[in-house]
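The next block holds one structure in the form of structure tokens; read it before the comments.
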Amino acid sequence: MARPKVAFFDFSCCEGCQLQIANFGEPLLDILKLIEVVEFREVMSEKYAGTLDVAIIEGSINTTHAIERIKGIRDRSKVLIAMGSCATIGGVNGIKNAFPLNDIAEYVYGGDSEYFESIQTMSVHQVVKVDYFVHGCPIYPPEFVAVLKAVLMAVPYDVPDYPVCVECKLNGNVCMYDRGVTCLGPVTRAGCNAWCIGNGNICYGCRGMVSNPNEKGSIDVIRRYGLSMEHIINKLEMYNKCRELNPHG
Amino acid sequence: MNRQILKSSHFAVERGTIVRIKTLSPHEKLFEIALPGNARLNHDPGQFVGVSVFGVGEAPISVCSSPTKRDTFDLCIRDVGRVTHAIHALKEGGSLGIRGPFGRGFPVRLLEGNDLVLIAGGLGIVPLRSLVQYVINNRRDFGKVSILLGCRTPDEMLFGDEIEQWNKRIDVHFACTVDRAAPEWHGHVGVITTLIPGEMLVPERTFAVIVGPPVMYKYVIGELLKKQIPDRQIIVSLERHMKCGLGRCGHCQIENLYCCQDGPVFHYDEIKHIKEAI
Amino acid sequence: MAYAVLQKGRFDDFIVALAAQRKVMAPVSKGYGHFEFEEVRSATEIALRYIPTILPPKKYFMPQRETILQYTSDSIEAVVDFDPMAIFGVHTCDLAGIQCLNMVFSERPKDYNYLVRKNNIIIIGLECGDYCDQYASCAMMNSEMPNGGYDLFVTEFDEYLLFHVSTQTGEDIVKSTGLFETADASHKSRLAEYRKKKKSIFKKELPIDSKDIALLFDKCFESKVWDELNDRCLACGNCNNVCPTCYCFDVIDEPALDLTSGVRYRRWDSCQLETFARVAGGANFRENRGARQRHRYYRKFSYPVKKFFRYFCTGCGRCSRACMANIRLKDVLMDLIKAHPLDNA
Ligand SMILES: Cc1cc2nc3c(=O)[nH]c(=O)nc-3n(C[C@H](O)[C@H](O)[C@H](O)COP(=O)(O)OP(=O)(O)OC[C@H]3O[C@@H](n4cnc5c(N)ncnc54)[C@H](O)[C@@H]3O)c2cc1C
Ligand code: SF4
Ligand code: SF4
Ligand code: SF4
Ligand code: SF4
Ligand code: SF4
Ligand code: FES
């Protein structure tokens with residue numbers, strides 16, 4: 001079987017997710033045996049204009065030029081993967097949208113909510129059809145590999161629709177609520193193996209919300225523990241360079 | 001860490017070969033499967049197997065052929081998600097993992113000598129087909145047999161050729177209805193309950209078997225109860241999410257019952273007090 | 001009844017000697033007042049006083065993630081992974097939890113993965129002289145006293161640890177380490193005193209007799225208590241994942257990068273999760289979070305009574321500790337008791 005032609009494209013983002021992949025180390029070599037990378041700006045400079053088996057899109061869409069460009073890529077790609085929070089949920093602004101519960105968003109983003117609203121940003125699937133999502137800011141490398149396998153086997157990849165707490169508990173972590181800090185794990189969809197908590201940080205919700213969060217219950221909990229929401233903002237700033245596009249930022 | 005091969009494990013899977021594939025509709029295909037050495041599956045009508053595509057997963061699928069069929073068995077599969085999609089991508093000569101059969105099938109012995117009303121809605125025809133085939137192959141052992149089918153539109157009707165054969169037989173009464181007719185449809189229009197009043201039922205000797213989507217049961221059972229059919233003689237096959245078939249993973253649980261082991265076939269008197277059942 | 005005495009000064013020698021024979025797992029402090037069973041090599045790592053660990057020792061009998069099958073393009077093999085080990089310091093509530101799981105997994109069709117691992121695990125219990133914290137309800141659930149299910153069982157005194165030797169395996173450990181003294185009448189009377197004092201501390205935590213809990217659950221299926229939980233529960237699944245008697249699982253395939261070989265594994269699953277009972281076609285048989293909470297409680301206090309003739313709650317309190325929504329098992333039971341008074345009460 002010919003190796004599928006894969007290209008990476010970046011839109012508005014920090015390219016941190018591509019960097020994650022470039023930094024994969026050993027597993028990257030195994031993956032490269034399965035695919036043929038024809039465009040990857042982070043590590044290559046050539047441009048490829050032919051038909052693609054797989055297009056991997058990083059970054060959110062926020063100019064008319066970008067809209068035309070992504071449509072062009074979609075037209076010549078059999079499979080399209082949105083990679084990283086900027087692409088899957090529109091980055092910082094999208095993360096806010098991914099929390100459809102306005103009250104929670106207000107709790108989370110507090111006085112900064114106007115700052116987050118100022119970017120007109122779209123996630124990739126708001127513009128073209130997306131076949132696979134790799135959420136996260138940055139992406140969790142093992143999940144990227146799992147998605148790639150699903151692509152190569154031509155089966156769908158289901159993003160977990162249960163919260164980060166599940167993975168966190170299975171890893172036996174001391175809960176952040178027991179350390180006196182708020183954590184968005186209970187309402188954020190899993191798939192990252194709760195790696196922030198494993199590394200001593202809270203979950204700041206970078207993968208977006210589960211499909212049916214308990215709005216009222218979440219607010220009760222956040223209200224009861226809601227001391228340290230600025231942590232969440234700090235995390236976002238640390239990871240999410242997308243905000244550099246923000247005219248007010 | 002030590003790893004040991006577990007021959008007796010109930011998670012062990014056999015490799016089945018796809019002998020034939022027939023496309024029934026845009027979403028459903030019929031797979032004829034042979035086990036190694038044409039071993040018999042040894043199932044009861046109404047039982048199911050775990051069907052695997054390795055690397056993708058396993059899905060519970062009803063065996064839709066009668067145990068009277070030797071050498072191979074049939075699976076009719078609707079493409080709805082990961083595993084079923086991967087199964088649809090397979091070709092004749094390809095292989096599938098088979099585990100089972102599991103569950104309690106239709107109480108064939110009890111049905112013998114009695115009149116049967118077999119009622120299927122939508123994909124419910126799939127598990128019911130194994131019973132219909134069994135009954136037809138042993139027709140003399142049963143009393144009056146009626147088959148009532150319902151589906152949303154005529155083109156969703158599965159096993160059209162076979163149903164045509166049932167329809168032609170003098171020893172089964174057959175009726176069929178659709179929710180929405182197409183121009184070329186000359187049959188009944190209306191939900192399946194409308195077919196039931198037309199039947200001359202002798203409650204003491206009538207067993208009704210119902211398989212269909214969750215919403216169907218309440219109405220059909222209500223109609224049968226109006227016809228004085230005893231609870232014990234109303235038989236349903238329930239669908240639940242299933243991951244093991246062994247009464248352990250918990251997905252199929254209906255209060256204190258495990259659909260995969262205690263069912264999927266239940267007598268109505270066993271579940272009528274169980275609020276989560278219907 | 002055989003007892004053996006280990007002077008505290010020799011505790012470390014004991015753990016080191018045991019660890020030379022096989023892996024030793026024991027409660028270890030994780031900070032913030034929490035503990036977890038982990039592999040230890042010396043007694044200094046072990047917390048002898050600890051509240052129930054974040055995850056119960058269940059994780060050694062039924063690991064969070066466990067390979068059950070391996071396949072290549074031409075072979076399919078069901079497998080079991082196991083590690084011979086000794087678990088030191090299992091509280092009586094967790095011994096009861098393991099007893100529940102033993103029943104579940106030895107029932108037909110038997111689960112050989114569980115049973116192979118069980119046969120490779122030595123269990124050394126540890127007595128609680130006092131409550132771990134306010135979330136425990138072990139007295140009500142009759143699991144505060146040792147009730148079998150161990151090879152050795154330790155009661156701690158100021159100068160020594162008293163070991164109850166319950167099985168030949170336990171006896172072999174005592175013999176092979178050569179660190180123990182035989183217990184005499186004075187040791188046994190100290191134990192009797194200890195138990196007497198313990199009985200005055202552990203009192204059934206709620207105003208209901210253990211046997212009446214099942215009757216309560218016969219009456220409260222439609223209770224409004226579940227509606228209230230529907231509003232509060234976040235469906236995070238923590239209460240399932242920390243429970244010593246929850247055993248639901250999911251089965252997942254993981255192909256290797258060659259895409260033709262790989263493994264099938266089972267992973268703990270939770271009935272509180274949105275997707276747990278959803279089927280193709282979109283029907284979700286427990287869509288309501290309150291119905292899912294109810295299901296969890298019925299799986300502790302009602303359904304297993306019908307099947308195994310015992311409650312599947314050990315009173316360990318983990319579910320209450322792990323719930324960021326403050327849903328506490330004792331409070332829920334109390335609400336049910338108040339809302340549905342029993343006739344004979
Ligand atoms: C006893 C029984 C007999 C069945 N017989 C047939 C049959 O003969 N033909 C047929 O086409 N289908 C049958 N089904 C349904 C079939 O099992 C599901 O469609 C299949 O499991 C979906 O798997 P998937 O990986 O393709 O879908 P997924 O991608 O996993 O998910 C699609 C949807 O199916 C649900 N689902 C996932 N796994 C299961 C599961 N194990 N059980 C039920 N729902 C699930 C998901 O929650 C989701 O809503 C039967 C189900 C049961 C319980
Ligand atoms: S630390 Fe966060 S993710 Fe982990 S269990 Fe607690 S709330 Fe959930
Ligand atoms: S733990 Fe939360 S913030 Fe961290 S990667 Fe996972 S979803 Fe994102
Ligand atoms: S731990 Fe609490 S919030 Fe989470 S599922 Fe259980 S009861 Fe609900
Ligand atoms: S239900 Fe709660 S208290 Fe009872 S055994 Fe499970 S975790 Fe412990
Ligand atoms: S619940 Fe009871 S037996 Fe368990 S640790 Fe607490 S006091 Fe000990
Ligand atoms: S399918 Fe696992 S318990 Fe029924």
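In what follows, every heavy atom counts, from backbone to side chain, and hydrogens, waters and symmetry copies are set aside.
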Against chain A, label C/Ala325 side chain, backbone, both or neither, depending on which of its atoms sit under 4.5 Å from a heavy atom there.
both
Please name the pair of heavy atoms, one in A/Ser211 and one in C/Arg278, separated by the smallest distance, quoted to 0.1 Å.
OG-NH2, 4.3 Å
Is C/Arg65 close to A/Leu170 at the side-chain level, that is, under 4.5 Å between some pair of heavy atoms?
no
Quick check for you: among C/Lys59, C/Arg321, C/Arg267, which has the greatest number of heavy-atom pairs under 4.5 Å with chain A?
C/Arg267
Interatomic distance, CG@C/Leu234 vs CD@A/Glu215, rounded to 0.5 Å, equals 12.0 Å
Nearest heavy-atom neighbours spanning C/Cys236 and A/Pro163:
CA-CG, 3.6 Å
Using a 3.5 Å distance criterion without hydrogens, assess whether the side chain of C/Lys30 forms a donor-acceptor pair with backbone atoms of A/Val174.
no
Tightest non-hydrogen contact, residues A/Gly172 and C/Glu36, listed as CA-OE2, 4.3 Å
So, do A/Asn212 and C/Glu287 sit near enough that their side-chain heavy atoms are less than 4.5 Å apart?
no
Atom NE2 of C/His34 and atom CZ of A/Arg179: how far apart are they, to the nearest 0.5 Å?
9.5 Å
Nearest-0.5 Å distance that lies between atom CE in A/Met176 and atom CE in C/Met324:
12.0 Å
Nearest 0.5 Å, what's the CG-CE distance between C/Leu259 and A/Met153?
6.0 Å
Within the 4.5 Å heavy-atom criterion, are C/Leu273 and A/Val210 side-chain neighbours or not?
no
Restricting to non-hydrogen atoms, name the atom on A/Cys165 and the atom on C/Asn238 that form the minimum distance, rounded to 0.1 Å.
CB-OD1, 3.4 Å
Ranking C/Asp269, C/Val242, C/Thr275, C/Asn326 by heavy-atom pairs under 4.5 Å to chain A gives rank one to C/Asn326
Taking side chain as everything from C-beta outward and backbone as N, CA, C, O, which of these in A/Val145 sits under 4.5 Å from a heavy atom of chain C? Side chain, backbone, both or neither.
side chain
Chain C contacts, top residue of A/Ala150, A/Cys168, A/Gly217 (heavy-atom pairs, under 4.5 Å):
A/Gly217
Options C/Thr53, C/Asp258, C/Asn240, C/Leu257, ranked by heavy-atom pairs under 4.5 Å with chain A, top entry
C/Leu257
Best-contacting candidate, C/Cys233, C/Gly237, C/Ser270, against chain A by heavy atom pairs under 4.5 angstrom:
C/Cys233
